[in-house]
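Keep in mind it's a predicted model, so treat the numbers as computed, not measured. Naming convention: chains lettered A, B, ... in sequence-line order (proteins, then strands); numbering from 1 in each chain.
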Amino acid sequence: MTQVRVRFAPSPTGFLHIGGVRTALFNWLFARQQKGVFILRIEDTDQSRSIDESIQAIIAGMKWVGLDWDEGPYRQTERIDLYRSHALQLLEKGRAYWCVCKAEELDARRKEAEARGLSPKYDGRCRDRGLTNHAGAVALRFKAPQEGETVIDDLIKGKIVFDNNVQDDLIILRSNGYPTYNFSVVVDDALMNITHVVRGDDHLTNTPRQVPIFQALGFPVPQFGHLPMILGSDKSRLSKRHGATSIMAYKDMGYLPDAMLNYLVRLGWSHGDQEIFTRQELIEQFSWKKVQSSAAVFNPEKLLWVNAEYIKVSPPSQVAQALLPLLETVGLRDEVQAVSAGWLAQLVVLVKERAKTLVEMVDWVRPYFGQAVTCDEEAAEKFLTPAIAPILGKLLTRFEAFPAFSKQQWEEAFKQLVDEEGVKMGQLAQPVRVALTGRTASPGLFDVMEVLGRDRTLFRLRQGIERASRA
RNA sequence: GUCCCCAUCGUCUAGCCUGGCCUAGGACAUUGCCCUUUCAAGGCAGUAACACGGGUUCAAAUCCCGUUGGGGACACCA
């Protein structure tokens, strides 16, 4: 058995998008499962579009989601000689020819053909000219087979047959000496011994163009697998108008990388009714047979749910770690440094059921930093009233009598007071909640007190009473 | 225009390959109820789908053909 070698080959145009991550993920999963090699290759042969920042963005994105590669990143611009020598090889074999047609002419002819309702295929006028010398800027074309058919057995879609007579003699070397995509991929995939080419559905029709090149060059043809596309809510190709498509945008919105991956893998792959998977489970269970062959609509709501699940079940210390930088950006740097990692994890446990993203969590967690609390005005007006002040005072006295905080004791004392005063639970609980957290919604009161600690609880209660008496 | 891919609840999907267990299962969303000191979380229940038309067969969501619909590709972009 030869070792599995797969690659993820994005072109550096902008950032790493969601579709790219999913393609990378499937490749990565397969590589890890098969104890194979996962390669990162940057397809940057188009000089006018490639920028270094994009490459950095791709790497940063891959690192964030934790898809590690074993080889690369290779850059095609560093391998230009390889493409040229192989292109010339094809010329020598009579499988390629120089084409002197100008780009503008080609463009005009294509437009004309389209207007007449014909195929915009290259008419092959230089095919048999036998130009041996390329004086000036000319391009090299591949002599694509025009008879028979090219059959691929796709890992996901099964057997697909293409008629060769619809294939174009595509340009493999541009007049500027740079290779075109369809040629450089073949050379790279062959030279890098890629065993399985797994990419987006949009490359499906590139396959019958590439297969004959593998053959002409004398390379074995790898297996192909074409992943269905991700669509937006209107079923058109996912793009910016459907919302964020950059993977890093999701980091900023407070998503956990594992949640992203879990959502993305389920978008087009399934294992019975299971929704949540550990990475290990994914690696073990992954199978091409279970990959969907139809396109999937990206659903942000389900992603949100998956993220919430991960926030709930991930180790609190790990969630706290991811939360840290976000806390600092909202101006809690000093406060965060003043507390222990253990307490932070405790805080995460306190609010994890109500935060669907880390960004939401930041908001939930805010009231627990600092000695005093900033009160929501509306909440204070409604609940910190003169009428409740005396009862709050009694509660304070009873709490103060305890030398230390005990959830059970304090709760008992609280309930007893409610009984004695003949008020409803909520009548006392809400004012206390506002006093302690400044808000009308919070986790359970005694859980809040536990995180706050005895001193701060009493301090905030006193402040609340003061405010209530003043009102 | 040509070529290719695809088709189960609003969405992601199970089932399809190896027809009968499917009065089509799960999840998200949604609705109602329960729990409850608030907000969540959780529990229970409900609404909701085999695109259409022909075959094949005792039997079709499952196999075949067609139609329709959706998507993708047809660059000296990747």
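- Applying the side-chain contact (heavy atoms from CB on, under 4.5 Å) rule to Thr374(A) yields no partners; only residues at least two apart in sequence or on another chain are considered.
- Side-chain proximity of Ala429(A) to U37(B), C4(B), C6(B): nearest is U37(B).
- If you take NZ of Lys352(A) and C1' of C39(B), they are 17 Å apart, rounded to a whole angstrom.
- No side-chain donor-acceptor contact under 3.5 Å links Asp128(A) and Tyr97(A).
- Using a 3.5 Å distance cut-off with no hydrogens or angles, the side chains of Asp234(A) and Ser236(A) do pair a donor with an acceptor.
- The pairing partner recorded for A40(B) is none, the criterion being a Watson-Crick or G-U wobble arrangement whose two distances lie under 3.5 angstrom.
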Close N or O pairs between protein and nucleotides 9-13 of chain B (under 3.5 Å):
residue: U11(B); atom: OP1; partner: Lys235(A); partner atom: NZ; Å: 3.2
residue: C12(B); atom: OP1; partner: Val297(A); partner atom: N; Å: 2.9
residue: C12(B); atom: O2'; partner: Arg266(A); partner atom: O; Å: 3.0
residue: U13(B); atom: OP1; partner: Gly268(A); partner atom: N; Å: 2.5
residue: U13(B); atom: O3'; partner: Ser270(A); partner atom: OG; Å: 3.1

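- Here G26(B) presents its P atom at 18 Å from NE2 of His271(A), a figure rounded to the nearest Å.
- Atom CG of Asn206(A) is separated from atom C1' of A75(B) by 11 Å (rounded to the nearest Å).
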Below 3.5 Å between N/O atoms, which protein atoms pair up with nucleotides 41-47 of chain B? Just atom names and distances, please.
residue: A41(B); atom: O3'; partner: Lys312(A); partner atom: NZ; Å: 2.9
residue: G42(B); atom: OP1; partner: Lys312(A); partner atom: NZ; Å: 3.1

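- Distances shown here put a side-chain N or O of Arg110(A) below 4.0 Å from the OP1 or OP2 atom of A75(B).
- A straight line from CG of Leu384(A) to C1' of U38(B) spans 14 Å, rounded to a whole angstrom.
- Across the protein-nucleic acid pair, Gln210(A) atom CD and C74(B) atom C1' stand 14 Å apart, rounded to whole Å.
- In this structure, Lys415(A) does not pair ionically with Asp419(A), as no charged nitrogen and carboxylate oxygen lie closer than 4.0 Å.
- Note on Thr45(A): a side-chain N or O is less than 4.0 Å away from OP1 or OP2 of A78(B).
- Here G70(B) presents its C1' atom at 16 Å from CG of Asp202(A), a figure rounded to the nearest Å.
- Looking only at atom types and distance, the side chain of Arg199(A) has a donor-acceptor partner in the side chain of Thr207(A) under 3.5 Å away.
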